[in-house]
Every structure is written in structure tokens, then in C-alpha cells.
Amino acid sequence: MDISLTNTRTRKKEPFAPIDPANVRMYVCGPTVYDRAHLGNARPAIVFDVLARLLRHAYGADHVTYVRNFTDVDDKINATALARKEAGDPRSLEELIAERTEETIGWYLADMAAIGVAEPDEMPRATRYIDEMKEMIAGLVTQGHAYEVDGHVLFSVGSWKERYGALSGRSVDDMIAGARVEVAPYKRDPMDFVLWKPSDSDLPGWDSPWGRGRPGWHIECSAMAKALLGDTFDIHGGGNDLMFPHHENEIAQSCCANHTDEMARVWMHNEMLQVEGKKMSKSLGNFFTVRDLLEQGVPGEVIRFVMLSTHYRKPMDWTDKKRAEAEATLRHWRSLANAASADGKPDVAVVAALADDLNTSNAISELHKLAGGIAKRQPSEVPPSEVDDFAASARLLGLLEDNATMGAWVLGCANGNPSAQLRLEELGNVLADARRTAMETKDFSEVDRLKTALVEAGVEVRMSKTGVELLPGPGFDVAKLEALE
């Protein structure tokens, strides 16, 4: 199976050749756990979840290691914990920070599960790799790539100036002007970045050769990636807002510390998210979290479908129209795949679309073709294997998973209700019989009565030459179907 991926570092779409096909390794920058995940945070989680599924399909589930980290030491986390302490909480700052991070990690995992994101093989937390960070920093100091000033340890970009900026395609001089760099008196050069910084008594800290302190953001991923995936691995991913300075700094410190020419062979970055054509922001009133949408009744599977409808390297625009279209499509697809078994194999065209730089948009187009081929025939005319393969193709994208998790929303209740689907099938047959009789007698009153009752129960009624199809729609209430005959 040939996979091609766009490598940010080379700016080309290239054939993917893992370092070791029996041990394919991918690292993706995860969230800083200080609050709920907003909708933009969901995009890289979904994108690289699909990539992990594709890699496991191609190389085998046991031959892929997917790592996504949690940054659980951060000034925003510290500020939240300090505010609780100042409000009168008697517990120590360390206890309050631990509580906040546990709470937020739990929120994140629950929200990602709700949109079909499987948990990676490893989910390291920065605070559990402090020793590895200190070891890497000490090595950089010894080699002359870092220096210490008053408890701060900084990476010297000048020691690696010839290669710094290769990922983002900018020279050091170009990056200085207007760059997101901290200007501080202890820096030898404006581009130098923090590896370790001092902590006072109001902040979490660990003992180190440079005094009590805590790590800088960039060193965390380098240390965790090295510990779990080795000095060099196959794929490093994240949002394109991380390209500079975070990923640029990761490459510099990792290559210098590990004496390698590269940190990852392939670098992949997803584009950002918009809402109704505008950048999502609190000031515009269009900022919302994944949990906000779920609590508003938007199913997690619908969120996932909308995200996957746009190629990961293009800006993704969340609109209410896309949400409604995704919901209708998924209801239809689930009705077609209702009787599917787990024995299917993904369609070659769907797999080919994903293998072509993770083109989920084209993969969904292929799924539409498969669904159309099934829908235009009577159920008895469709081989079960065709339905099985359609469902397997959708599951490769994390869609049409079992009803107990991702599909319960279609049945109109939180825990799923298989009897509701059976009831719809029964009423579909009743309506089809009434329609045939009406065609002979020219009396459509019974057909109209049934349709009106079904619509009032939140059912979408589709009637065509090939038959009758009933789909749960917004506001579907199975209880209103009980008395309907």
C-alpha cells in the first residue's frame, strides 16, 4: 500500500517510507490542560486519529505507536490554582494544580471520545518526564548549545543558526522582526528560547543543577518524544500555529541533544478553523468548546464528519449549514448500514483517497458513491458483503461506529434503542402498503395521515419509486410512534 504525505519540512507531497515498517512511530502535540478543549483543538485530534487508523490499516495495529502528550505544567494552570488558593482553599498549590490538571484531562478525553477520537497508545504528561528534560538540558549546556543565567537556561539559536528556520522556511533574521519571542535582559540573542526557568514559592518547581525551577514549553515534547519514540521517528504532527516557534525549537534542541540530522522524517500541520467564515474568537462571540456543541445537541459524529469534509491542509469553516447536511447524511448512511456486520473490508477507492495525503474530503465523496449504489436498489438486491464493506470504509474514518457509542444519537436517546429502528422499519412497511393501495384507489388520506404523524414524531419521510425510507430527524421521539398504526 502506497501512502503519500505532504512534508512541511520539504514543502512537497512525498511517498511515505517509515524508518522501520514493523515499528511506525508518530508524535502529535496535545493540549495544554488548563480549560475545556475549544472546537479548534478538535481538528488536529481528529486529523491525526484518522492518520493513525490509516497507518494501522497499512502496517498492522501492532506495528504503529501513536503518542500524543499533555502539557500539565503551564503558567495558565498555575494561575487557576493560585486563584483557588487565594479564594481560601486550604490545600497546597501542588495539590490544587494536580486537581486542575486531572479535571481538565478528564474533560478532554471525554470530549474527544464523544467525537470518535480513539486514545493514542501513549499519552505522556510533562510533569512525569522532568528528569528526562533536565538530562537533555544538561547535555545541551555541556555541548555549548545552551547557557545558564540567574537560574534561567536558554538554548543558543546562534549555535545552530545555519539550520534554524528550515521548517518554517525563514531565516533567523527574518524571524526576529515581529516574531513571537520573549525579549529579556538575560538573553544573549533575542531568538534564544527558555529551556528552564526559576520558580518562587508560589509556583510549582523541581530541584535542578540551575536551582529550583520548571521546564520551558518546548523542551517537554523533545524529552517525551525521545523517551517514547527514540532519537528519530517517522511523523511529527500538530496545528500549523505550532510550526514556529514550538516545532522549530523542538527540532533545534532535539537534533543538538541527540546528535541527529532530523527529529522526525515527516512533519505534518493542519490548517486552522473558522466559524461561518470568520476566525473563531471570544471578541466576535463565535468561540465555543466541543462540550458547548455537544450540550446544544450536536452529535459528536456530526462534528467529526464536518471536520473531515475539508482537507486537513485547508482552513476548515464550521457552519450551521454544514452541520445540518452532515447530520442528514449520517442518518441516511446509518439506515443503509444498519444490518452491517464487522466482516467488511474498506473499499479500495476510500483507502486510496486517504493514502493520498489523507484526503478525507475525497474519501467522503467515495462513501457517497457507495451509499448511492446501495440506496438505489431494494434491500433484498444488495449483497450483505457490499453493506459490510461500506460500513468498514466509513469506520476507517471513524464514522458509523457501533450504536452504543457514536451512533446512539440516531436512535433519539442517550443509551441507544435498537427497538426504535425496528419500529421505524415496521412503520415504513405500513406506509409502503398504504401507498400502494392509494395508487390503486386514488385515495391518499391514509398516506397523508401516516406521514403527518411521522413528521410530528420527528421522522424524516422519504418516498421514491424504489420504496419508502424513514429516518430519525431532529427532535425524533420514539414514544410518539408507539400508538401509530
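Remember, predicted model here, so these are calculated numbers, not experimental data.
Nearest heavy-atom pair, M1 versus A355, reported as atom, atom and distance to 0.1 Å: CE-CB, 4.0 Å. Taking each heavy atom of A264 and R9 in turn, the nearest pair found is O-NE, 4.4 Å. Contact record, P18 with D234: CA-OD1, 3.2 Å, taken as the closest heavy-atom pair. Of all the heavy atoms in L167 and E248, the pair that sits closest is N-OE2, 3.3 Å. Of all heavy-atom pairs spanning P346 and H57, the tightest one is CG-CE1, 3.8 Å. Minimum interatomic distance between M307 and I46 (heavy atoms only, all atoms of both residues): CG-CD1, 3.7 Å.
With T101 contributing its side chain and A98 its backbone, the two residues share a donor-acceptor pair below 3.5 Å. Side chain of E276 to main chain of D320: a donor-acceptor pair is present (N/O by atom type, distance under 3.5 Å, no hydrogens or angles). Of the possible donor and acceptor atoms, one in the side chain of E301 sits under 3.5 Å from a partner among the backbone N and O of L400. No donor-acceptor pair closer than 3.5 Å links the side chain of R56 to the backbone N or O of H63. With hydrogens and angles ignored, the 3.5 Å screen pairs a side-chain donor or acceptor of R43 with a backbone N or O of E271. One N or O on the side chain of R100 and one on the backbone of Y34 form a donor-acceptor pair closer than 3.5 Å. At least one donor-acceptor pair under 3.5 Å links the side chain of K187 to the backbone N or O of D192. A donor-acceptor contact shorter than 3.5 Å is absent between the side chain of N249 and the backbone of H218. Remark: side-chain polar atoms of D317 are not paired, donor with acceptor, to backbone N or O of L273 under 3.5 angstrom. D72 contributes a side-chain N or O that, together with a main-chain N or O of T127, makes up a donor-acceptor pair within less than 3.5 Å.
Every side-chain contact (heavy atoms from CB on, under 4.5 Å) that E99 has, sequence neighbours left out, goes to R84, R91, L96. T260 meets the side-chain contact (heavy atoms from CB on, under 4.5 Å) test with D231, T232, C255, N258; sequence neighbours excluded. For F48, there are no ring-ring contact (aromatic ring centres under 6.0 Å, His included) partners two or more places apart in sequence or in a different chain. The salt bridge (Lys or Arg N to Asp or Glu O under 4.0 Å) check on R395 picks up nothing, with sequence neighbours excluded. For D200, the side-chain contact (heavy atoms from CB on, under 4.5 Å) criterion is met by D202, L203, not counting sequence neighbours. With sequence neighbours excluded, no residue forms a ring-ring contact (aromatic ring centres under 6.0 Å, His included) with Y66.
Residues E119 and R68 are not paired through a salt bridge, judged by the lack of any N-O separation under 4.0 Å between the basic side chain and the carboxylate. Look at R53 and E401 and you find a salt bridge, because one of the NZ, NE, NH1 or NH2 atoms lies within 4.0 Å of a carboxylate O, short of that distance.
For the pair S222 and Q253, the minimum side-chain heavy-atom distance is below 4.5 Å. Looking only at side-chain heavy atoms (C-beta outward), I235 and R25 stay at 4.5 Å or farther from each other. In this structure, the side chains of I3 and L54 come closer than 4.5 Å at one or more pairs of heavy atoms. Put simply, the side chain of I303 reaches to within 4.5 Å of the side chain of L294, judged on heavy atoms. Between L354 and L51 there is no side-chain heavy-atom pair separated by less than 4.5 Å. A 4.5 Å side-chain heavy-atom check between V67 and P124 finds at least one atom pair inside the cut-off. Between W217 and D74, every side-chain heavy-atom pair lies at or beyond the 4.5 Å cut-off.
The number of heavy atoms from other shown groups lying within 6.0 Å of CZ (R128) does not exceed 12. Remark: Q274 CD is packed, more than 12 non-hydrogen atoms of other residues, nucleotides or ligands lying under 6.0 Å away.
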Run the side-chain donor-acceptor check on residues 284-291: report pairs under 3.5 Å with partners two or more places apart or on a different chain.
unit_1, atom_1, unit_2, atom_2, d
N286, OD1, S281, N, 2.8
N286, ND2, K279, O, 3.3
T289, OG1, R291, N, 3.4
T289, OG1, D292, N, 3.0
T289, OG1, D292, OD1, 3.4
T289, OG1, D292, OD2, 3.2
R291, NE, D111, OD1, 2.8
R291, NH2, D111, OD1, 2.5

Before giving the answer on side-chain contact (heavy atoms from CB on, under 4.5 Å), spell out for E327 and V298 the whole-Å C-alpha distance, their side-chain angles and the decisive distance to 0.1 Å. CA-CA 9 Å; E327 183 170 334; V298 181; over 6 Å; no

Verdict with reasoning, H269 to H247, per ring pair (Phe, Tyr, Trp, His ring centres under 6.0 Å): CA-CA 10 Å; H269 295 89; H247 289 168; 5.0 Å; yes

Walk me through it: do E220 and T71 pass the test side chain to side chain donor-acceptor pair (under 3.5 Å)? CA-CA 8 Å; E220 297 173 11; T71 293; 3.2 Å; yes

What do the steps show when you test T10 against E14 for side chain to side chain donor-acceptor pair (under 3.5 Å), and what is the final call? CA-CA 9 Å; T10 62; E14 304 169 339; 2.5 Å; yes

Using the side-chain contact (heavy atoms from CB on, under 4.5 Å) rule, take W318 and R323 through it: C-alpha gap first, then chi angles, then the decisive distance, then the call. CA-CA 8 Å; W318 174 273; R323 178 208 57 76; 4.1 Å; yes

Under the side-chain contact (heavy atoms from CB on, under 4.5 Å) rule, what do C221 and H246 come out as? Steps first, then yes or no, please. CA-CA 9 Å; C221 288; H246 185 50; 3.6 Å; yes

Intermediate values then yes/no, side-chain contact (heavy atoms from CB on, under 4.5 Å), W206 and V73: CA-CA 11 Å; W206 292 263; V73 52; 4.1 Å; yes

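In this structure, the ring of W210 has its center no less than 6.0 angstrom from the ring center of H152. For W160 and H145, the ring centers sit 6.0 Å or farther from each other.
Sorted by first and then second residue, the pairs that involve residues 206-215 and meet salt bridge (Lys or Arg N to Asp or Glu O under 4.0 Å), not counting sequence neighbours, are D75-R214. Listed by first then second residue, pairs satisfying side-chain hydrogen bond (donor to acceptor under 3.5 Å, both in side chains) with a partner in residues 350-360 read T6-D357, K13-D356, Y312-D357, R313-D357, not counting sequence neighbours. Note on residues 8-27: pairs passing ring-ring contact (aromatic ring centres under 6.0 Å, His included), not counting sequence neighbours, are Y27-H236. Sorted pairs that involve residues 143-157 and meet salt bridge (Lys or Arg N to Asp or Glu O under 4.0 Å), not counting sequence neighbours, are lacking altogether. Pairs passing the ring-ring contact (aromatic ring centres under 6.0 Å, His included) check and including a residue from residues 80-136, sequence neighbours excluded, read F70-Y108.
Interatomic distance, CD1 of I219 versus CD1 of I137, reported as 5.0 Å (0.5 Å rounding). Taking OG of S254 as the reference point, atom NZ of K226 lies at 8.5 Å (rounded to 0.5 Å).
Using bins of under 30°, 30° to 60° and over 60° for the plane-to-plane angle, the ring pair F193/Y164 lands in the parallel bin.
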